Trainee: 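Dumping the structure here so I can ask a few things about it.
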Amino acid sequence: MAHSHDHGHFEELREGNKKGLLIALSITTFIMLLEFFGGLLTNSLALLADSGHMLSDASSLLLSLVAIWFATKKASDNKTYGFYRFEILAALFNGVTLFVISGFILVEAYERFLEPPTVASGTMMGIALIGLLANLLSAWFLMRKGDVKDNVNLRSAYLHVIGDALGSVGAIAAGIVMLVFDWYLADPLISVLVSLLILKSAWGILKQSVHILMEGAPSTVDTGKLKASLQNIDGVIDVHDFHIWTITSGLDSFSCHLTIRDEADEQLILQQAIELIQENHQISHSTIQVEKSGLCHGELLV
């Protein structure tokens, strides 16, 4: 019963993530088209450039959405875990693109430090305000509908939106400084600060994505405590071939071998172990091999 409850909660979270991404994608695409056609009508390069920035955001949101859809495909004979990992690959790609975008901003800022151009600050602030409102609305829907805290795929898309919102705040601040003081170095200076904040967030996404792809133990599980609690089950002699990993955000797996006393009831111990893992560590996908003294298997490599 607990297993079906967990599965239902997992699917419910995924449905919320999908809704949040769809709404954010719709808002971003609408603003992108508005800025693009507005740029053509007003002959504004700044509007066209910002619509290009919105295109990168829409692409990352679309990728995260495709990843969620792809992950729902059923497991096959040669993909026995299904396609859940596609979400982690999407998060990794989004993390890399955040690094690339920050790199471009830093290079452009360096050139502007050397030769600060005159900026039409009033127009720039107007564009930035439209972008800020759109991004804040997208971020709000992602937070309200989805799981931006624990789902690495959704968080990577959310960080793209927040990165853009920070950029808009920076552009408004720089616009005010340039309008009041005619100090055009404010534009590249604030761009550098924003790109450093984006880099910090992107590094967290990359680290978590690589950790999952490297089959690292989830941060929510105390592996030492879990192993000790299994060893404390009456009748258990040893716990080995002990592995905990994440398939995708919110879906952890566990496997181990339990060596038990010959006179012990293996089914009773197995039941106790499954319940302990489920109730104390919230892992419902566990595979446990119970062994007695007569069993021999080859040396395990991991």
Side-chain angles (χ1 to χ4, degrees), residues 1-18 64 67-92 146-147 149-156 204-233 236 238-260 266-267 269-291 297-302:
M1 184 64 73
H3 178 83
S4 62
H5 171 76
D6 277 5
H7 184 75
H9 180 62
F10 175 69
E11 290 303 329
E12 191 183 310
L13 278 175
R14 293 174 67 76
E15 200 53 43
N17 292 342
K18 206 187 294 180
S64 294
I68 287 179
W69 169 79
F70 210 87
T72 59
K73 287 181 71 177
K74 288 185 178 175
S76 63
D77 288 343
N78 66 345
K79 295 281 188 303
T80 56
Y81 270 121
F83 295 83
Y84 286 118
R85 277 289 168 88
F86 197 82
E87 286 188 298
I88 310 304
L89 291 172
L92 183 69
D147 180 20
K149 183 174 175 283
D150 295 318
N151 186 292
V152 69
N153 176 38
L154 200 76
R155 195 159 84 251
S156 70
I205 289 289
L206 283 177
K207 249 174 59 174
Q208 192 178 357
S209 302
V210 170
H211 183 72
I212 291 171
L213 292 170
M214 290 293 291
E215 309 284 13
S219 58
T220 50
V221 179
D222 185 332
T223 53
K225 191 176 174 184
L226 174 49
K227 194 168 189 177
S229 58
L230 286 171
Q231 284 174 325
N232 285 336
I233 294 173
V236 173
D238 182 48
V239 180
H240 57 282
D241 194 30
F242 180 94
H243 300 290
I244 311 170
W245 68 102
T246 300
I247 295 168
T248 190
S249 298
L251 187 59
D252 299 327
S253 269
F254 170 80
S255 72
C256 77
H257 290 195
L258 294 181
T259 306
I260 65 170
E266 56 263 46
Q267 288 300 303
I269 288 175
L270 181 60
Q271 187 64 58
Q272 284 178 313
I274 288 167
E275 286 172 6
L276 185 149
I277 294 159
Q278 167 75 52
E279 289 165 19
N280 296 359
H281 303 276
Q282 287 71 55
I283 301 173
S284 54
H285 194 288
S286 56
T287 308
I288 302 166
Q289 180 169 309
V290 180
E291 305 168 351
H297 56 67
E299 189 183 342
L300 301 167
L301 297 175
V302 290

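Quick caveat, the model's predicted, so the values are computed rather than measured. The figures here come from the full heavy-atom set of this structure, side chains too, leaving out hydrogens, waters and symmetry mates.
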Trainee: Work out which heavy atom in His240 is nearest to a heavy atom in Asp238; give both atom names and the distance.
Mentor: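 In terms of heavy atoms, the two residues are closest at ND1-OD2, 3.2 Å.
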Trainee: Output the distance between atom CE (Met214) and atom OG1 (Thr246), rounded to the nearest 0.5 Å.
Mentor: 14.0 Å
Trainee: Between Glu87 and Lys18, does any side-chain N to carboxylate O distance fall below 4.0 Å?
Mentor: no
Trainee: Under a 4.5 Å cut-off applied to non-hydrogen side-chain atoms, are Ser229 and His281 in contact?
Mentor: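 They are in side-chain contact.
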Trainee: For the backbone of Ala217 and the side chain of His211, can you confirm whether one donor and one acceptor N or O come within less than 3.5 Å of each other?
Mentor: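 Between the backbone of Ala217 and the side chain of His211 there is a qualifying donor-acceptor contact (under 3.5 Å).
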Trainee: Should Leu213 and Leu89 count as side-chain neighbours, where that means a heavy-atom distance under 4.5 Å?
Mentor: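 With C-beta onward as the side chain, the pair touches.
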Trainee: Give a yes or no on whether the backbone of Lys79 and the side-chain of Ser76 come within a donor-acceptor separation of less than 3.5 Å.
Mentor: yes
Trainee: Give a yes or no on whether Asp77 atom CG has more than 12 heavy-atom contacts from other residues, nucleotides or ligands under 6.0 Å away.
Mentor: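 Atom CG in Asp77 is not crowded, with 12 or fewer foreign heavy atoms closer than 6.0 Å.
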Trainee: Working to the nearest 0.5 angstrom, can you tell me the gap between Leu276 CG and Asn232 CG?
Mentor: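 With rounding to 0.5 Å, CG (Leu276) is 9.0 Å from CG (Asn232).
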Trainee: Check whether any side-chain N or O of Arg85 sits under 3.5 Å from a backbone N or O of Ile247 as a donor-acceptor pair, and report yes or no.
Mentor: yes
Trainee: For Lys74 and Phe83, which heavy atoms make the closest approach, and how far apart are they?
Mentor: O-CE1, 3.5 Å
Trainee: Would you mind reporting whether Phe86 and Thr248 have side-chain heavy atoms less than 4.5 Å apart?
Mentor: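 No, their side chains stay 4.5 Å or more apart.
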Trainee: Return yes if a side-chain donor-acceptor contact under 3.5 Å exists between His285 and Ser253, otherwise no.
Mentor: yes
Trainee: Looking at every heavy atom in both Ser209 and Leu92, which two are closest together, and how far apart are they?
Mentor: OG-N, 3.7 Å
Trainee: Compute whether any side-chain donor of one residue and acceptor of the other, for Gln271 and Gln267, lie under 3.5 angstrom apart.
Mentor: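 Not at all, the side chains of Gln271 and Gln267 share no donor-acceptor pair under 3.5 Å.
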Trainee: Nearest 0.5 Å, please: how far is CD1 in Ile260 from CD1 in Ile233?
Mentor: 10.5 Å
Trainee: If you take all heavy atoms of Ile283 and Asp252, which pair is closest and at what distance?
Mentor: CG2-O, 3.7 Å
Trainee: Among Asp241, Ile244, Leu230, find the one that has a side-chain contact (heavy atoms from CB on, under 4.5 Å) with Cys256.
Mentor: Leu230
Trainee: Please walk me through it: do Leu226 and Asn280 pass side-chain contact (heavy atoms from CB on, under 4.5 Å)?
Mentor: CA-CA 8 Å; Leu226 174 49; Asn280 296 359; over 6 Å; no
Trainee: Any chance you could measure Phe70, atom CZ, to Tyr84, atom OH, to the nearest 0.5 Å?
Mentor: 13.5 Å
Trainee: When you measure from the side chain of Ser286 to the backbone of Ile274, do you find a donor-acceptor pair of N or O atoms at a distance under 3.5 Å?
Mentor: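 Flag not set: sc Ser286 to bb Ile274 has no pair under 3.5 Å.
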Trainee: For residues Ala91 and Ile205, report the shortest heavy-atom separation together with the two atoms involved.
Mentor: O-CG2, 3.4 Å
